[in-house]
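Since the structure comes first, as structure tokens, the remarks are kept for the end.
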Amino acid sequence: MPKERIPIASDHAGFELKQHLVSALTALGFEADDIGTHSPASTDYPDYAHPLAEQVERGEVKRGVLLCGTGLGMAYAANRHPGVRAAVAWTPEIAALSRKHNDSNVLVLPARFVSEEDGVAILKTWLETGFEGGRHERRVEKIETPIGAPKGANP
Ligand code: RB5
């Protein structure tokens with residue numbers, strides 16, 4: 001079986017933790033596709049969030065991982081892409097719930113607020129937790145409903 005490719009990216013604030021998560025992904029048997037940043041020099045998070053989210057939007061990959069200082073900027077940018085559900089998770093419990101209830105397909109880590117150990121634990125939990133479906137399926141589908149669209153307009 002080919003290894004699942006998981007794109008991972010950060011800005012400068014997430015650079016150090018990203019390096020650890022690349023190693024963790026590799027150790028867990030995934031192909032970690034590190035799309036940058038490749039140094040601690042200052043960068044702009046949307047330059048990394050958009051290319052990664054585009055891969056998820058196009059269905060080229062199932063899921064991806066982003067990191068910035070708070071996780072917020074990366075999530076804002078990634079969530080502008082249809083079909084992308086980027087979840088900021090700072091505990092394994094939140095990461096698990098983002099999978100079970102929201103079917104998150106991008107994990108976003110607030111690198112300035114989680115330790116290396118916690119970052120790896122959050123990643124591992126997120127990778128291993130499935131979507132519960134059921135009542136959550138309908139809710140997740142409604143995320144993509146355009147604002148202002150008449151109720152029940154979806155086929
Ligand atoms: C960079 O200083 C910081 O603003 C960025 O990493 C992120 O936290 C933005 O949301």
Side-chain angles (χ1 to χ4, degrees), residues 3-131 136 139-148:
K3 289 181 179 178
E4 180 187 343
R5 180 171 70 83
I6 299 191
I8 178 166
S10 75
D11 68 355
H12 54 287
F15 172 70
E16 207 178 303
L17 183 56
K18 171 171 67 63
Q19 302 313 103
H20 292 294
L21 297 194
V22 166
S23 303
L25 280 172
T26 308
L28 289 167
F30 296 96
E31 182 195 336
D33 186 6
D34 183 355
I35 60 172
T37 185
H38 299 295
S39 87
S42 184
T43 53
D44 299 338
Y45 54 84
D47 296 346
Y48 298 92
H50 288 305
L52 186 142
E54 272 162 19
Q55 292 192 44
V56 178
E57 180 185 348
R58 290 194 212 110
E60 293 166 11
V61 291
K62 198 167 89 176
R63 50 193 174 169
V65 180
L66 290 167
L67 306 93
C68 67
T70 59
L72 298 175
M74 285 291 196
Y76 296 159
N79 279 321
R80 300 193 70 121
H81 294 258
V84 170
R85 293 176 297 278
V88 182
W90 56 97
T91 67
E93 290 77 13
I94 292 168
L97 284 168
S98 82
R99 289 288 311 125
K100 288 181 188 174
H101 288 190
N102 315 114
D103 199 15
S104 63
N105 50 18
V106 175
L107 172 66
V108 191
L109 284 149
R112 285 184 173 145
F113 298 90
V114 293
S115 66
E116 179 193 322
E117 194 188 346
D118 288 349
V120 172
I122 292 165
L123 172 68
K124 210 165 169 291
T125 300
W126 184 77
L127 290 166
E128 289 168 357
T129 308
F131 178 46
H136 302 296
R139 295 167 185 169
V140 168
E141 277 168 17
K142 285 184 179 180
I143 294 172
E144 297 295 328
T145 306
I147 293 162

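First listed ligand is number 1; within each ligand, the first listed atom is number 1.
Applying the side-chain hydrogen bond (donor to acceptor under 3.5 Å, both in side chains) definition to pairs two or more places apart or across chains, those involving residues 63-80 are Glu4-Arg63.
The minimum heavy-atom distance between Asp34 and Gln19, with the atom names listed, is OD2-OE1, 3.9 Å. Between Ala13 and Cys68, the shortest heavy-atom distance links the atoms CB-C, 4.2 Å. The heavy-atom pair separating Ile94 from Val88 by the smallest distance is CG2-O, 3.8 Å.
Of the inter-residue distances, the one linking Arg139 atom CZ with Asn102 atom CG reads 10.0 Å to the nearest 0.5 angstrom.
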Ligand 1: which protein N/O atoms lie under 3.5 Å from its N/O atoms?
residue: ligand 1; atom: 2 (O); partner: Arg112; partner atom: NH1; Å: 3.3
residue: ligand 1; atom: 6 (O); partner: Asp11; partner atom: OD2; Å: 2.6
residue: ligand 1; atom: 6 (O); partner: Gly69; partner atom: N; Å: 2.8
residue: ligand 1; atom: 8 (O); partner: Gly69; partner atom: N; Å: 3.2
residue: ligand 1; atom: 8 (O); partner: Thr70; partner atom: N; Å: 2.9
residue: ligand 1; atom: 8 (O); partner: Thr70; partner atom: OG1; Å: 3.2
residue: ligand 1; atom: 10 (O); partner: Thr70; partner atom: OG1; Å: 3.3
residue: ligand 1; atom: 10 (O); partner: Gly73; partner atom: N; Å: 2.9

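Atom CD of Glu54 has more than 12 neighbouring heavy atoms from other residues, nucleotides or ligands inside a 6.0 Å radius.
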